[in-house]
Amino acid sequence: MILNDAGIEKLELRVKVQLKKWAGLSGFYGYKEMDFDQIYKLVNSGGWKTEIDASDPAKRVLRMTKEGVVRKAKFTLDEKGRVVRDY
């Protein structure tokens with residue numbers, strides 16, 4: 001696994017893209033032009049709770065919940081420095 005600034009930036013980009021995808025599925029509007037902080041605030045509104053676990057620098061685990069609806073995603077860096085979605 002290659003863990004450097006480029007790898008971390010790739011992980012953060014994948015998280016941002018996933019949050020935008022979930023925002024669309026959740027019925028939110030105007031998220032396409034938002035930056036990360038705005039999207040994160042958006043997906044934590046309207047009864048939704050979104051958590052991002054970045055305790056391990058080489059992976060990101062996302063969880064979005066609301067009244068029995070659970071969305072999960074896990075992204076890791078592979079040995080070549082590519083971001084892989086594990087689930």
Applying the 4.5 Å side-chain criterion to the ILVMFWY set and letting contacts propagate, would [X] and [Y] be lumped into a single cluster?
| X | Y | value |
| --- | --- | --- |
| V61 | I39 | no |
| F75 | Y40 | yes |
| V84 | V15 | no |

Take W22 and W48, measure what side chain to side chain contact (heavy atoms under 4.5 Å, CB included) needs, and give me the verdict at the end. CA-CA 11 Å; W22 285 351; W48 288 98; over 6 Å; no
Carefully, step by step, assess L77 and V83 under the rule side chain to side chain contact (heavy atoms under 4.5 Å, CB included). CA-CA 5 Å; L77 287 174; V83 177; 3.7 Å; yes
List the atom of Y31, the atom of G24, and the distance in Å for their closest heavy-atom pair.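 Looks like OH-CA, 3.3 Å.
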If I compare all heavy atoms of G27 with all of Y29, which pair ends up nearest, and what's the gap?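 Looking at all heavy atoms of both residues, the shortest contact is O-CE1, 3.3 Å.
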For the [atom1] atom of [X] and the [atom2] atom of [Y], what is their distance to the nearest 0.5 Å?
| X | Y | atom1 | atom2 | answer |
| --- | --- | --- | --- | --- |
| K20 | L25 | NZ | CG | 14.5 Å |
| T76 | R85 | OG1 | CZ | 11.5 Å |
| D37 | K16 | CG | NZ | 9.5 Å |
| S26 | K66 | OG | NZ | 7.5 Å |
| I52 | L11 | CD1 | CG | 11.5 Å |

Heavy-atom distance under 4.5 Å between the side chains of [X] and [Y], does that happen here?
| X | Y | result |
| --- | --- | --- |
| D53 | E51 | no |
| K59 | D86 | no |
| F36 | L19 | yes |

Take atom OH in Y87; do more than 12 heavy atoms of anything else shown fall under 6.0 Å from it?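 Yes.
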Heavy-atom count around D35 CG within 6.0 Å, excluding the residue itself: above 12?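 Counting neighbours around CG of D35, more than 12 heavy atoms of other residues, nucleotides or ligands fall under 6.0 Å, so yes.
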Go through the side-chain N and O atoms of Q18 and R60 and say whether any donor and acceptor fall under 3.5 Å apart. no
Evaluation steps, side chain to side chain contact (heavy atoms under 4.5 Å, CB included), between V70 and K72: CA-CA 7 Å; V70 178; K72 294 190 243 181; 3.9 Å; yes
